[in-house]
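As a basis for the values below, the full set of heavy atoms in this structure was taken, side chains included, without hydrogen atoms, waters or symmetry mates.
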Amino acid sequence: DMDGRRHLDGVKRYVTEEGLKSVKNSAIPPNSVMVSCIGSDMGKVSLSVQHGVTNQQINTIIPNEEIVDFLYLYYSLLPRKSELQMLASGGSAQPILNKGQFSQLEVVIPSLKDQKAIAHILGTLDDKIELNQKMNQTLEEIAKTIFKSWFVDFDPVRAKAEGRPTGLPPEISDLFPDELVDSEIGEIPKGWKLQPLSEQIRVNPKYTLKKGTDAYFVEMKCLSESTSSVSEGYERSFTSGSKFQRFDTLFARITPCLENGKTGLFLNKSASDVCWGSTEFIVLSPQDDQSPLFPYCWARSENLRTAAVSSMTGSSGRQRVPNDFFDSYQVANPDALIHQTFRKIADPIVNRINVCNEETTTLSELRDTLLPKLISGELRIPDAEKFLEEAGI
């Protein structure tokens, strides 16, 4: 589960104490530096945050902290992915970096004081990046909670039907009906229209991009499994694939990407007008009166994702959600005033997420610029500290 972040946030699999005894040679303490040593992920570096166990695909360094600062060691290895790949053997299909090859790598080790100073400078930037990421996760959870309450669980309507307060300001509460009625998908608010989701939002909108045109390209690996974040793509000559614009949602339709949660809200304002990406994206776009978070929250909805997985067709391992899935997935559509009200709440959230994303991009570029200069000694530590202080970081 290494993904290039400074820390691994969690562990998806656990071992019992009895099981740990049988793999004690693979056990690692906190603050170990882990380097992926196989395949396309070779050279990715992360830190352990707790006691754990690695498999044979990970080379682990347990630093002697009297000589080497663990965070400095992490940063010194971070930019050396291509060098690690060159040390590997096994051919292009599945290159492997064994422990013998890995041990050939040399690392510059300045004084422990300088190591800690360099790690502090770079760590300060990463702390701010992680703070932005956590802020975005919180903002996104707020939007998803409101969306689910209003458009999936119909909480305000249920409260009014039962004579309970909705917890909403009167001007918002008054927009919701006070009765649920039966429908093909169960109870829905009275007066809300039951219709396919493809009639509420735009699915695979018709954007124009001529073959051979250079345009911003997004791969499947750019999508997050848990947040709206879409990592940096690049310019590429258009051949064939999904086409999308800023504020569109990218919904992975192929197994196992769908089951794993790969979904993104594309917010990059510096990208080309019409962008393109994997053929395995279904593009969901807001209508004119909707927040971009409306289709995104539907794409993250557990109800929709369960139905999408059930709709998949194709051979084992290459199953896909058909494009017409959204033509048959029925949802209750409220009146325009509720859409507009959700947008008034959600748009500031989108704006704040976008600001955090832009700050994160700037901070990441700054970190990536300073890192090799500090490690090599090209940039003096006091100069870097003064630069960050003047930048207000």
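The two residues Ala346 and Ser291 come nearest to each other via the heavy atoms CB-OG, 3.3 Å. Residues Val321 and Ser311 share a closest heavy-atom pair of CG1-OG, 3.7 Å. Between Gly277 and Phe244, the closest heavy-atom pair is N-CE2, 3.6 Å. Minimum interatomic distance between Val283 and Pro205 (heavy atoms only, all atoms of both residues): O-CD, 3.8 Å. Between Ala215 and Trp276, the shortest heavy-atom distance links the atoms O-NE1, 3.5 Å. What you find for Asn59 and Cys37 is that their closest heavy atoms are ND2-CB, 3.4 Å.
Rounding to the nearest 0.5 angstrom, the gap separating the CG atom in Asp327 from the CG atom in Leu197 is 9.5 Å. Here NZ of Lys134 is found 14.5 Å from CG of Leu139. Values are rounded to the nearest 0.5 Å. Atoms CG and OH, from Leu47 and Tyr75 in turn, are 8.0 Å apart once rounded to the nearest 0.5 Å. Taking CG of Asn136 as the start and OG of Ser224 as the end, the distance is 11.0 Å to the nearest 0.5 Å. Taking CD of Glu359 as the reference point, atom CG of Asn132 lies at 5.0 Å (rounded to 0.5 Å). With rounding to the nearest 0.5 Å, the separation of CZ in Phe151 from CH2 in Trp298 is 9.0 Å.
Using a 3.5 Å distance cut-off with no hydrogens or angles, the side chains of Arg305 and Thr263 do pair a donor with an acceptor. In this model, no donor atom of one side chain and acceptor atom of the other lie less than 3.5 Å apart for Thr361 and Ser364. Residues Asn303 and Ser301 have side chains that never bring a donor and an acceptor to within less than 3.5 angstrom of each other. Side chains of Asn333 and Gln195: a donor on one and an acceptor on the other come within 3.5 Å. Glu140 and Ser228 are linked by a side-chain donor-acceptor pair at a separation below 3.5 angstrom, with hydrogens and angles left out of the test. Judged by distance alone, the side chains of Glu187 and Ser183 never bring a donor and an acceptor atom under 3.5 Å apart. When only modelled atom types and interatomic distance are considered, Asn31 and Tyr74 share no side-chain donor-acceptor pair under 3.5 Å.
Residue pairs meeting the salt bridge (charged side-chain N to carboxylate O under 4.0 Å, His left out) criterion with at least one partner in residues 228-257, sequence neighbours excluded, are Arg253-Glu280. Sorted by first and then second residue, the pairs that involve residues 188-214 and meet salt bridge (charged side-chain N to carboxylate O under 4.0 Å, His left out), not counting sequence neighbours, are Glu179-Lys190. Screening residues 266-277 for salt bridge (charged side-chain N to carboxylate O under 4.0 Å, His left out) gives Lys269-Glu358 as the qualifying pairs, with residues at least two apart or on separate chains.
Between the Arg300 side chain and the Gly261 main chain, a donor and an acceptor come within less than 3.5 Å of each other. Using modelled atom types, no side-chain atom of Lys81 and backbone atom of Lys44 make a donor-acceptor pair closer than 3.5 Å. The backbone N or O of Leu73 lies less than 3.5 Å from a partner atom in the side chain of Ser76, making a donor-acceptor pair. Put simply, the side chain of Ser231 gets close to the backbone of Cys222: a donor and an acceptor are under 3.5 Å apart. Of the possible polar contacts, none joining the Arg380 side chain to the Glu378 backbone as a donor-acceptor pair under 3.5 Å is found. With hydrogens and angles disregarded, a donor-acceptor distance shorter than 3.5 Å links the side chain of Asp335 to the backbone of Ile338. For the pair Tyr234 (side chain) and Phe217 (backbone), a donor-acceptor distance under 3.5 Å is absent. Here the side chain of Gln115 pairs a donor or acceptor atom with the backbone of Asp69 at under 3.5 angstrom. Of the possible polar contacts, one joining the Asn64 side chain to the Glu66 backbone as a donor-acceptor pair under 3.5 Å is found. At distances below 3.5 Å, not a single donor-acceptor pair connects side-chain atoms of Thr213 with backbone N or O atoms of Leu209.
Residues Ile188 and Trp150 are members of one and the same hydrophobic cluster, defined by side-chain heavy-atom contacts under 4.5 angstrom among Ile, Leu, Val, Met, Phe, Trp and Tyr. Cluster annotation: Ile121 and Leu112 are assigned to distinct hydrophobic clusters (Ile/Leu/Val/Met/Phe/Trp/Tyr, side-chain heavy-atom contacts under 4.5 Å, transitive). Taking hydrophobic clusters as Ile, Leu, Val, Met, Phe, Trp and Tyr residues chained together by side-chain heavy-atom distances below 4.5 Å, Phe342 shares a cluster with Leu265. A single hydrophobic cluster is seen to contain both Leu379 and Phe387, as judged by linkage of ILVMFWY side chains at heavy-atom distances under 4.5 Å, directly or through other members. The cluster map of Ile, Leu, Val, Met, Phe, Trp and Tyr, joined by side-chain heavy atoms under 4.5 Å apart, puts Ile142 and Val355 in different clusters.
Screening Asp126, Thr124, Thr362 against Arg367 for a side chain to side chain donor-acceptor pair (under 3.5 Å) leaves a single residue, Asp126. Tested against Phe251 for a ring-ring contact (aromatic ring centres under 6.0 Å, His included), the candidates Phe281, Tyr329, Phe326 yield a single pass: Phe326.
The shortest distance between side-chain heavy atoms of Val157 and Asp178 does not fall below 4.5 Å. Contact of the Met135 side chain with the Gln133 side chain is not registered, since no non-hydrogen atoms from C-beta on lie closer than 4.5 Å. Counting heavy atoms from C-beta on, the side chains of Ile58 and Val35 never come closer than 4.5 Å. Within the 4.5 Å cutoff, the side chain of Phe266 has heavy atoms near those of the Cys275 side chain. For the pair Ile62/Pro29, a side-chain contact is recorded, criterion being any heavy-atom separation below 4.5 Å from C-beta on. You'll find the side chain of Thr166 stays beyond 4.5 Å of the side chain of Phe176, heavy atoms only. Using a 4.5 Å cut-off on side-chain heavy atoms (C-beta onward), Ile254 and Met220 make contact. Between Leu293 and Ile349, some side-chain heavy-atom pair lies under the 4.5 Å cut-off.
Residue-environment remark: NZ (Lys148) stays at or below the threshold of 12 foreign heavy atoms within 6.0 Å. The number of heavy-atom neighbours closer than 6.0 Å to CD of Glu162, taken from other residues, nucleotides and ligands shown, is above 12.
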- [ ] Please assess Asn268 against Val230 for the test side chain to side chain contact (heavy atoms under 4.5 Å, CB included), listing each intermediate value before the final yes or no.
- [x] CA-CA 8 Å; Asn268 189 332; Val230 179; over 6 Å; no
Open item on the list: Does Tyr72 form a side chain to side chain contact (heavy atoms under 4.5 Å, CB included) with Ile109? I'd like the steps, not just the answer.
Closed with: CA-CA 9 Å; Tyr72 169 82; Ile109 305 293; 4.2 Å; yes
Task: Ile201 vs Phe294, side chain to side chain contact (heavy atoms under 4.5 Å, CB included): CA-CA, chis, key distance, verdict - done: CA-CA 8 Å; Ile201 63 176; Phe294 185 75; 3.7 Å; yes
Task: Residue pair Val274, Thr208: steps toward the side chain to side chain contact (heavy atoms under 4.5 Å, CB included) verdict - done: CA-CA 7 Å; Val274 177; Thr208 301; over 6 Å; no
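Salt bridge absent: Glu389 and Lys386 never bring a charged side-chain N and a carboxylate O closer than 4.0 Å.
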